[in-house]
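To keep things clear, I will list the structure first and then write my remarks on it.
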Amino acid sequence: ASINGEMGADRKPVINVFTLCRIRNIGIMAHIDAGKTTTTERMLYYSGYIRTLGDVDDGDTVTDFMVQERERGITIQSAAVTFDWKDYRINLIDTPGHVDFTVEVERCLRVLDGAVAVFDAAAGVEAQTLTVWRQADKHQIPRICFLNKMDKNRASFTYAVESIKQKLKTKPLLLQFPIGEAKTFRGLVDVVTKEQIIWKPTSDLDDGKNFEQKLLREADDSNLFQEVQDARNTLIEQVADLDDEFAELVLGEYSENFDLIPAEKLRSAIRRITLARKAVPVLCGSALKNKGVQPLLDAITMYLPAPNERSYEFLQWYKDDLCALAFKVLHDKCRGPLVFVRVYSGSLKPQSAVYNINKSCTERMSRLLLPFADQQIEIPSLMPGNIALTVGLKQSATGDTIVSSKASAVAAARRAGRDAGGEKRSTSDVESLLLAGVEIPDPVFFCTIEPPSMAKQQELDNALSCLQREDPSLKVKLDPDTGQTILCGMGELHIEIIHDRIKREYGIETYLGPLQIAYRETILNAAQSTDTLDKTVGDKRHFVTAELEVRPRLGERATTKPVIEYAASVIEALPQELQGAIENGITNSCIQGPLLGFPVQDIDVTVQSLTVHPDTSHTMISACVSRCMQKALKKAGIQILEPLMNIEITVSEDHLSAALADLAQRRGTIQEIQSRQDNRVVVAAVPLAETMGYSTVLRTLTSGSATFTLELASYQALNSQEQSALLQRRMGLV
Ligand SMILES: Nc1nc2c(ncn2[C@@H]2O[C@H](COP(=O)(O)OP(=O)(O)OP(=O)(O)O)[C@@H](O)[C@H]2O)c(=O)[nH]1
């Protein structure tokens, strides 16, 4: 896929330096097919960065870089694009729409300051939006909603707003309402200014650039006038309820006549409420029919935050030093890897060295480029709050944190460690405080991958390492017994896409083994163990004795990171530098559980005693602790856990019973069946093992009318029959 090209004729990119308050780093979140790509295209068109309107249905849009995305018609990989709108710089970070890629969504959310949620006005809130919405809640991202597809047959503003209230459990602030619906949709009413906006094609070219915006008067349309009057009063009451400063105005100066409240005052209050995430502004339109996108752009600049209005906890450790996040890697045939970065503090300059904390390496960056629609423009520096593409970074992967030097990372770590207030923090805790990226959950599926011939192995390894840099949720391992390469991913589609990309982008036809489930292991009881390592290498005697206790941890979120504690007698005598070696040993033994080699989750470990001879190397300490852990885990009794998925199936009434019967056979438990217009929505939990090939089965059962989304919910224990059947299968006995 080429990302070079000519700039739209009407506008040359200007490398203006924008003050922080005029920058908006925005993402668009949406369910598949809600119109994210179309809306993005229209934004680029109206701001002059592309000359013609691309059409997703013809597969010629700018943001869907990859050939394969075009073929599938879904946006899998995210890309960022920069454009200016009325003296504001907007960096649009495209978030992926498919559930298999929620990690990627989370990573993108990390670089956003605000988001636009795009909905299909006929469908309301769909499963994926709900998932992304919750992730945005977690990252405290202010949002506005855009009800797209108002031109569609069954589009309903009221239904969509109700669905936002019910499903997202949020307060919608209706800043607009549509004039006409479905076929008759022709414009909007701006509730804040009481203006009507009507799109009028002036020539054959109905590109939506021409619209008439005028104050509504009673004489023009008394019904519409009354409607906006009521809507504005409701809005004012809502805003006054949520914002004290505005409430004072309403109760004081303007208590007699709400009509006199200046639009600016109302807007400022809406902005404060949006930033505080007390409510969400709602707008509407039809991207495809070129209506409503310009007011949406205005709303982005008016209501979503600038970078300096957001707080990022890791920033306090860096002061004014550089802290940046690599949030996307693309491989360009000529220029090598292009890494998208966002700068949080300090500045980034071309021709300079930077330090990657995740990879513990220093790298040299050659150039810095701004990613305007289809052209990149070289820039001399990148200031906080901005995003850009870097050329020359060879090690950095998506999700890595970049700082100016190792010394700066050490200084930040010292500040973070010191601030713990005397309490001893583990080295990994301090490290994670410094990172701007997000943790990536372990993959749920894996399979072997083989090149067509041994001669191609090297090429395949290379392709896989490039793909891993772009997508850290893809993991590649070597099977220690067979020497085969193992591909681990987040879902069936994820693995399928990687397979496809290796063929298309790297020209290697590979063979995948059967897809297998990544189970987890945990312990049933508490257990203790001791171990001693006594080895003389050369003239040095390495001597360690360790005593550990492992216990099952209950009631918390599943994590493969053991919680490590030290007995008081150990912590008093323990030199700080040995702590890393001990924790390495413990963590390593949890990567491969004793029963089937799956990661061990939810355990607490206490280091009860430790004796170390002064000459002992850190490697020997780790090795001894690790061996001791394995013994303790075996003693504690192992339970296998399987991934349990949340599934949401949208199906028509006449196919509901077929879908439910099938789900019951898959060990599914139904939680709720909701109605959504003519459809029923089945909310259920189902073990991952039962979802293989589900999309094909569901399609057949429902004549292609049903859709579903899957999301990892938790890990649940296999019963003893299932566990022994699995053990036998894995040992090749059946
Ligand atoms: N009627 C109508 N159709 C629209 C509108 N906006 C987009 N579409 C259509 O909806 C389909 C999906 O649009 P996209 O823009 O690709 O949606 P998306 O959210 O980017 O989809 P993914 O990339 O799959 O996540 C396409 O067929 C569009 O033509 C709209 O305002 N009205």
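Note that the coordinates shown come from a computational prediction; the quantities given were computed from them, not determined experimentally. Each residue takes its place number in the sequence, starting with 1. Just so you know, ligand 1 is whichever comes first in the structure, and atom 1 is the first atom listed for that ligand.
- With distances taken over non-hydrogen atoms, the option nearest atom 14 (P) of ligand 1 out of Val293, Thr40, Thr38 is Thr38.
- The shortest N or O to N or O distance between Lys152 and ligand 1 is not below 3.5 Å.
- Contacts between Ser286 and ligand 1, counted as non-hydrogen atom pairs separated by less than 4.0 Å, involve both the backbone and the side chain.
- Taking distance alone, with nitrogen or oxygen atoms compared against 3.5 Å, Gly285 stays at or beyond that limit from ligand 1.
- For Arg143 and Asp137, the salt-bridge test passes: some basic side-chain N is under 4.0 Å from an acidic carboxylate O.
- Atom numbering of ligand 1 starts at 1 in the shown order; those under 4.0 Å from a heavy atom of Thr37 are 15 (O), 16 (O), 18 (P), 20 (O), 23 (O).
- Dense packing is recorded around NZ of Lys167, with more than 12 heavy atoms of other residues, nucleotides or ligands lying under 6.0 Å away.
- Remark: ligand 1 and Gly35 share an N or O pair separated by less than 3.5 Å (distance only, no angle test).
- Contact atoms of ligand 1 toward His31: 19 (O) (distance under 4.0 Å to a heavy atom of the residue).
- Lys171 NZ: 12 or fewer foreign heavy atoms inside a 6.0 Å radius.
- The two residues Asp113 and Pro305 come nearest to each other via the heavy atoms O-CG, 3.0 Å.
- For Met150, no nitrogen or oxygen atom sits less than 3.5 Å from a nitrogen or oxygen atom of ligand 1, counting backbone and side chain alike.
- Residue Thr39 does not touch ligand 1, judged by heavy-atom distances below 4.0 Å.
- The shortest heavy-atom contact between Met150 and Pro178 is CE-CG, 3.7 Å.
- Taking the ring centre of Tyr45 as origin, the terminal cationic atom of Lys209 falls inside the region bounded by 6.0 Å and 45° from the ring axis.
- Between the side chains of Asn91 and Asn25, at least one donor N or O sits under 3.5 Å from an acceptor N or O.
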